[in-house]
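Chain letters run A, B, ... following the sequence lines, proteins first and then strands; every chain starts at 1. Since the structure is predicted, the reported quantities are computational estimates derived from the model, not experimental observations. Below, all heavy atoms of this structure are taken into account, side chains as well, without hydrogens, waters or symmetry copies.
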There are 2 protein chains.
Amino acid sequence: MVMDFSQIRRNDHLPARIASQIGREISDGRIAAGEKLPTEHILAKTFGVSRSVVREAIAQLRNEGLVETRQGVGAFATDIERRHSIRIEQGNLADRRSFQSLFQLRLPLEIEAAGLAAVNHTAEDLSKLDEALEQMTGEEKWTEKGILADLAFHRQIAASTHNEYFLLFLGFIAERIHLAINTARETAVLTEIVEVTIAEHVAIRDALASRDPIRAREAMRHHLDGAASRLGLQLRIF
Amino acid sequence: MVMDFSQIRRNDHLPARIASQIGREISDGRIAAGEKLPTEHILAKTFGVSRSVVREAIAQLRNEGLVETRQGVGAFATDIERRHSIRIEQGNLADRRSFQSLFQLRLPLEIEAAGLAAVNHTAEDLSKLDEALEQMTGEEKWTEKGILADLAFHRQIAASTHNEYFLLFLGFIAERIHLAINTARETAVLTEIVEVTIAEHVAIRDALASRDPIRAREAMRHHLDGAASRLGLQLRIF
DNA sequence: TGTTGTACGGTTGTCTGATAACCTTATATG
DNA sequence: CATATAAGGTTATCAGACAACCGTACAACA
C-alpha cells in the first residue's frame with residue numbers, strides 16, 4: 001500500500017522566492033519602470049538574508065530582463081520592452097483552453113515553415129526528413145519512439161527553412177505541446193490512427209520534395225487540422 | 001564630429017560569459033543530458049574565477065532550464081525538452097540576414113493574428129485600436145511617439161485575438177524588431193512615407209471592424225509587405 | 001538474510017567580511 | 001569657466017567558513 005502524503009512545502013530555493021517577490025513588486029507597478037531598487041545591503045537586511053542570496057535573486061531578475069544593474073550605481077527596474085526572454089510555465093498548459101491557444105499559435109508557424117522549407121530545403125534536409133519518417137513507419141504502435149520521431153520530423157522541417165528563428169520558436173512550441181500531451185496522455189486515442197498520421201506526414205514530405213510551397217502548406221494545414229481534431233481541439237484554420 | 005570607435009569588447013558580466021560557455025558545452029552535446037557537471041570548486045578553478053561567479057553562472061543556466069541542481073549532489077544538464085524559456089540576444093539582430101529572418105517569422109503570426117482578431121475582438125478592443133491609431137495620425141512626423149503608437153497598435157491586435165500566446169510571442173518579436181530598427185535607425189527613410197503607413201493601418205482597422213477574417217488577413221499581409229519593402233527586405237509572402 | 005541505524009565524505013546552499021571596479025557628486029585648481 | 005582631484009556610495013568579485021543535504025558503506029540487530 002502506498003500512502004498518499006501531501007507534499008511538504010519544501011524550502012525551495014531562497015533566492016527564487018525573493019526574486020519572485022521583488023519581481024511581483026515590479027510587475028504590479030509598485031516599483032515603477034526605471035526606478036532604482038534598494039541597495040543590496042538594504043534588501044539583505046529587509047529580507048533577513050545575506051547579500052549573496054539577494055545578489056542571486058537580482059541576477060535571476062536580470063536574466064529575465066526585469067531589472068538592469070549598473071556597477072557603482074544600482075539596480076533599476078526596466079520597462080517591458082527591454083525584456084529579452086520569453087518563457088512558458090509548464091503548469092499553464094494543464095488546462096485545455098491554454099493548450100488550445102498554444103496549438104493555435106503553432107498552426108500558422110508550421111504552415112509557413114512548410115512553405116519556406118519547400119523552397120529552401122537541401123538534399124541533405126530531405127534525407128534527414130526521410131530518416132525521421134522511417135522511424136515512424138517502422139513502429140507498429142504509437143510508442144514513445146514514434147512520438148520522438150514525430151517531433152524530429154517537424155523539427156527537421158523547421159530546420160529546412162534555413163531560418164534560425166523558425167527552428168528556435170517552432171522547436172520550443174512543439175516540445176511544449178508534445179510534453180503537455182505526454183503528461184495528460186491518453187495514448188489509447190492515439191494508437192489506432194497511426195496509419196492516418198503517417199500518411200499525412202508522407203504527404204507533407206512529398207509536397208516538400210516537389211518544391212511546391214502551396215502544396216506543402218496545404219499538406220501541413222491538412223495534417224494539423226487532422227491532429228487538432230484527433231486531440232479534440234476546435235481551431236479556426238484559414 | 002563623432003568618432004566611430006569599434007565597440008570595445010567590454011568585460012561585462014563575467015558570470016554571463018561563463019554561463020554561455022557552459023551552456024554551449026551542453027547545447028553542443030559535449031555534456032550529455034543528465035550528465036553531471038563538474039563541481040563548483042573545479043569549475044571555479046578551471047575558469048580562474050571565484051566560486052561566487054560560477055554559482056551565478058549556474059544559477060543563470062538553471063533559470064534558462066539548461067541545468068538542474070540538487071543540493072548535496074551536484075548540477076546536471078537537463079534534456080532539451082525541459083527547457084522552458086526562449087531568448088534572443090539583441091546583438092544577433094545586428095546583421096541584416098538575421099533581422100530579415102525574424103521579420104519572416106513575424107509575418108505569418110501577424111497575419112494569423114489579424115484573422116483571429118477580426119473574429120474575436122470586442123468593442124473595447126476596437127476602441128483601444130482607434131486610440132493607438134489616433135496617436136499615429138496626430139503626429140506630423142514619424143517620431144518616437146509614432147513608433148510607440150505603431151507598436152501599441154500591433155500589440156492591441158495581438159491582444160484582440162484573446163489568445164495569450166499570440167500576445168506573448170508577437171509582443172516579444174515586434175519589440176525586438178522595433179528595437180533593432182531603432183538602434184540602426186535611418187529615420188530619414190521613414191519620415192516621408194507616414195501617410196502610406198497610416199493608410200495601411202486604417203485599412204487593417206476597418207477590416208477588423210467588419211469582422212471579416214479574410215479581409216483582415218489581406219490587409220495585414222499588404223501592410224507587412226509594404227513595411228518589408230520599405231525596410232529593404234526581400235521576403236517571400238504567400 | 002534482510003532491515004535499520006549511523007558515521008563519513010562530498011556537494012550545494014548560505015553567511016560573513018574584505019577588496020576591486022565603477023559611478024556620482026562635490027570641491028579644489030588653474 | 002573648464003578641468004582635475006578627492007570622497008563616498010554601490011555593485012562586482014574574491015576568499016573562507018559553516019550549514020544542509022545526499023549517497024554510500026558499514027555496523028548492529030532481528
Side-chain angles (χ1 to χ4, degrees), chain A residues 1-3 5 7-23 25-26 31-32 34-78 82, chain B residues 1 5 7-23 25-26 31-32 34-78 82:
Chain A
M1 164 144 191
V2 177
M3 301 297 285
F5 287 118
Q7 199 85 316
I8 337 177
R9 188 76 201 94
R10 207 93 188 73
N11 249 14
D12 59 351
H13 226 208
L14 204 44
R17 283 192 297 173
I18 291 182
S20 76
Q21 196 158 337
I22 298 178
E25 296 279 321
I26 297 175
I31 298 179
E35 195 173 334
K36 185 174 170 302
L37 269 60
T39 70
E40 294 177 350
H41 271 293
I42 294 177
L43 285 175
K45 190 145 296 185
T46 58
F47 283 111
V49 298
S50 80
R51 219 187 120 210
S52 321
V53 175
V54 171
R55 277 193 60 73
E56 195 163 321
I58 289 182
Q60 180 172 334
L61 293 174
R62 187 177 43 219
N63 290 339
E64 295 173 6
L66 266 76
V67 305
E68 279 180 357
T69 59
R70 281 188 291 159
Q71 182 173 168
V73 185
F76 300 83
T78 71
R82 313 286 292 272
Chain B
M1 164 151 187
F5 287 118
Q7 198 80 316
I8 307 179
R9 193 67 207 106
R10 205 88 191 74
N11 248 13
D12 57 355
H13 228 207
L14 206 43
R17 284 192 298 172
I18 291 181
S20 76
Q21 196 158 338
I22 298 178
E25 296 279 323
I26 296 176
I31 298 180
E35 194 174 335
K36 185 173 170 303
L37 269 59
T39 71
E40 295 177 349
H41 271 292
I42 295 177
L43 284 176
K45 190 144 294 185
T46 55
F47 283 112
V49 299
S50 81
R51 212 184 128 209
S52 322
V53 174
V54 171
R55 276 193 62 73
E56 193 165 325
I58 289 181
Q60 179 173 334
L61 294 174
R62 186 177 44 218
N63 247 70
E64 296 171 5
L66 267 78
V67 306
E68 280 179 357
T69 59
R70 280 188 292 160
Q71 182 174 174
V73 185
F76 301 82
T78 70
R82 311 285 293 272

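- When rounded to the nearest whole Å, the span between CZ of A:R70 and P of D:dA12 equals 12 Å.
- Look at CG on B:L14: it is 12 Å from P on C:dC22, rounded to the nearest Å.
- We find that CG of B:L43 is positioned 12 Å from C1' of C:dT11, with the value rounded to whole Å.
- Atom NZ of A:K45 has 12 or fewer neighbouring heavy atoms from other residues, nucleotides or ligands inside a 6.0 Å radius.
- Counting heavy atoms from C-beta on, the side chains of B:I22 and B:L43 come closer than 4.5 Å.
- When rounded to the nearest whole Å, the span between CZ of A:R17 and C1' of C:dG13 equals 13 Å.
- The shortest heavy-atom contact between B:L37 and B:F76 is CD1-C, 4.2 Å.
- Near-neighbour residues of DNA chain D inside residues 48-60 of chain B, defined by a heavy atom below 4.0 Å, number-ordered: B:V49, B:S50, B:R51, B:S52, B:V53.
- Side-chain contact between A:V53 and A:S50 is present, with at least one heavy-atom pair separated by less than 4.5 Å.
- Separating the NE2 atom of B:H41 from the P atom of D:dC18 is a distance of 13 Å, rounded to the nearest angstrom.
- Across the protein-nucleic acid pair, A:E40 atom CD and C:dC22 atom C1' stand 14 Å apart, rounded to whole Å.
- The closest donor-acceptor contact from the side chain of A:T78 to the backbone of A:E68 lies at 3.5 Å or more, if one exists at all.
- Closest approach of B:A57 to B:I18, counting heavy atoms only: CB-CG2, 3.9 Å.
- To the nearest angstrom, P of D:dC22 lies 7 Å from CD of B:Q71.
- Between B:T69 and the phosphate of C:dT11, there is no side-chain N or O to OP1/OP2 separation shorter than 4.0 Å.
- Between A:L37 atom CG and D:dT11 atom P the separation is 9 Å, expressed in whole Å.
- Considering every non-hydrogen atom in both A:L61 and A:G23, the closest pair reads CD2-CA, 4.0 Å.
- With a 4.5 Å cut-off on side-chain heavy atoms, A:N63 and B:E64 do not count as touching.
- Heavy atoms only, all atoms of each residue included: B:A16 and B:Q60 are closest at CA-OE1, 3.8 Å.
- The overall bend of the helix from C:dT1-D:dA30 to C:dG30-D:dC1, read as the angle between its terminal helix axes built from five base pairs each, is 0° when rounded to 10 degrees.
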